[in-house]
K.L.:
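Sharing a structure, written as structure tokens. Questions coming.
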Amino acid sequence: MQEQYRTLAGEGVHEIEINKSRFIAALAPVADEAEAQDFIARIRKEHPGARHHCWAYVLGADGGVQKASDDGEPGGTAGVPMLQMLVRREVCYVVAVVTRYFGGVKLGAGGLIRAYGGVVGEALDALGTVTRQRFRLVTVRVDHQRAGRVENDLRTTGRAVREVTYGADVRIEVGLPEADLDAFRGWLADATAGTAVVEVGGEAYGDL
């Protein structure tokens with residue numbers, strides 16, 4: 001797995017106008033192709049009168065899935081420059097849809113490439129990105145008497161507490177960089193007089 005990847009901070013829209021044509025870029029973070037296609041379909045419904053809904057998406061922490069569509073624009077003038085902008089900016093798990101309302105003036109292939117790629121770049125600047133770091137999921141099992149202090153200590157030391165579950169004991173799920181596991185075990189043993197149990201689970205990504 002990649003140690004980290006960058007993605008969109010949140011869903012949003014950015015619009016530009018070139019020679020009376022409106023280019024409306026809608027971007028969103030997505031987890032998989034189904035979410036990407038759902039977003040594309042949603043944008044189409046929001047703009048039923050538009051001539052083109054060109055799109056591109058990049059999925060996978062390594063950017064391994066890349067797809068694009070010109071949706072009726074001349075081949076290579078819309079979806080490809082949109083995709084190239086996402087790749088150039090090194091963002092993953094993101095979908096971009098650019099809706100075009102034609103203004104009556106033809107832009108030519110070069111003009112379309114600059115418009116479609118440019119509006120996606122401007123949208124990324126406007127919406128912002130976040131970096132997600134690969135973590136090892138660790139569950140700490142501790143008695144109720146110590147749980148509150150342990151959870152507080154975890155948060156104040158900047159560790160990513162993901163979930164707290166109360167039962168016969170208290171289970172606190174934490175995301176840790178792989179390299180911190182040994183030091184974390186030692187810290188927890190000192191903090192709980194050796195009474196806490198550490199269960200190491202799978203991997204996930206979280207905000208850096």
Side-chain angles (χ1 to χ4, degrees), residues 1-135 204-208:
M1 293 175 72
Q2 297 281 112
E3 283 302 312
Q4 62 184 39
Y5 69 87
R6 189 163 52 174
T7 190
L8 199 63
E11 182 180 323
V13 177
H14 180 76
E15 179 177 344
I16 62 174
E17 183 175 317
I18 300 174
N19 289 342
K20 298 183 180 179
S21 279
R22 293 173 62 201
F23 293 85
I24 306 167
L27 276 66
V30 289
D32 52 35
E33 289 201 68
E35 278 191 20
Q37 292 294 340
D38 286 348
F39 182 76
I40 294 164
R42 194 181 95 203
I43 298 303
R44 285 183 184 279
K45 287 181 181 178
E46 289 178 4
H47 297 278
R51 180 173 291 193
H52 304 286
H53 301 281
C54 307
W55 54 264
Y57 56 77
V58 179
L59 301 173
D62 60 352
V65 177
Q66 301 178 6
K67 293 188 179 179
S69 168
D70 295 313
D71 193 40
E73 292 281 30
T77 64
V80 170
M82 291 168 61
L83 180 61
Q84 288 174 338
M85 183 60 69
L86 296 176
V87 172
R88 189 179 307 141
R89 294 295 189 88
E90 298 181 335
V91 288
C92 305
Y93 291 110
V94 62
V95 58
V97 184
V98 176
T99 298
R100 181 188 181 194
Y101 287 93
F102 183 55
V105 180
K106 291 188 176 181
L107 303 182
L112 289 173
I113 289 169
R114 288 189 294 274
Y116 278 102
V119 71
V120 170
E122 288 186 20
L124 288 170
D125 290 337
L127 298 173
T129 60
V130 293
T131 300
R132 297 192 181 280
Q133 174 74 38
R134 182 167 66 95
F135 290 112
Y205 287 94
D207 290 346
L208 187 62

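Every value quoted in this text rests on a predicted model; they were computed, and no experiment measured them.
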K.L.:
Can you confirm whether E90 is buried at CD, in the sense that more than 12 heavy atoms of other residues, nucleotides or ligands lie under 6.0 Å from that atom?
P.N.:
no
K.L.:
Please lay out, stage by stage, how L8 and V91 fare under the test side-chain contact (heavy atoms from CB on, under 4.5 Å).
P.N.:
CA-CA 7 Å; L8 199 63; V91 288; over 6 Å; no
K.L.:
Please tabulate, for side-chain N and O atoms in residues 101-119, each donor-acceptor pair with protein atoms closer than 3.5 Å (sequence neighbours left out).
P.N.:
| residue | atom | partner | partner atom | Å |
| --- | --- | --- | --- | --- |
| Y101 | OH | H47 | ND1 | 2.9 |
| Y116 | OH | E73 | OE2 | 2.5 |

K.L.:
Could you go step by step and tell me if V58 and L83 meet the side-chain contact (heavy atoms from CB on, under 4.5 Å) rule?
P.N.:
CA-CA 8 Å; V58 179; L83 180 61; 3.6 Å; yes
K.L.:
Should D38 and E35 be marked as a side-chain contact (heavy atoms from CB on, under 4.5 Å) after you check the CA-CA gap, both sets of side-chain angles, and the distance that decides it?
P.N.:
CA-CA 5 Å; D38 286 348; E35 278 191 20; 5.5 Å; no
K.L.:
Under 3.5 Å, side chain of R6 to main-chain N/O of R89, donor-acceptor pair present?
P.N.:
yes
K.L.:
Given E3 and Q133, is the side-chain contact (heavy atoms from CB on, under 4.5 Å) satisfied, shown in steps?
P.N.:
CA-CA 6 Å; E3 283 302 312; Q133 174 74 38; 3.6 Å; yes
K.L.:
Where the side chain of D71 meets the backbone of H52, is there a donor-acceptor pair that is under 3.5 Å apart?
P.N.:
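No.
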K.L.:
I need the minimum non-hydrogen distance between A126 and H14, along with the two atoms involved.
P.N.:
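Looking at all heavy atoms of both residues, the closest pair is CB-ND1, 4.3 Å.
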K.L.:
Taking Y93's backbone N and O only, do any of them form a donor-acceptor pair with T7's side chain (distance below 3.5 Å, no angle check)?
P.N.:
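Confirmed, T7 side chain pairs with Y93 backbone.
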K.L.:
Please list, chain by chain and in numerical order, all residues satisfying side-chain hydrogen bond (donor to acceptor under 3.5 Å, both in side chains) with R22, sequence neighbours excluded.
P.N.:
E15
K.L.:
D32 and L59: which non-hydrogen atoms are nearest, and at how many Å?
P.N.:
C-CD1, 3.6 Å
K.L.:
By the ring-ring contact (aromatic ring centres under 6.0 Å, His included) test, which pairs, at least two apart or in different chains, include something from residues 53-75?
P.N.:
W55-Y57
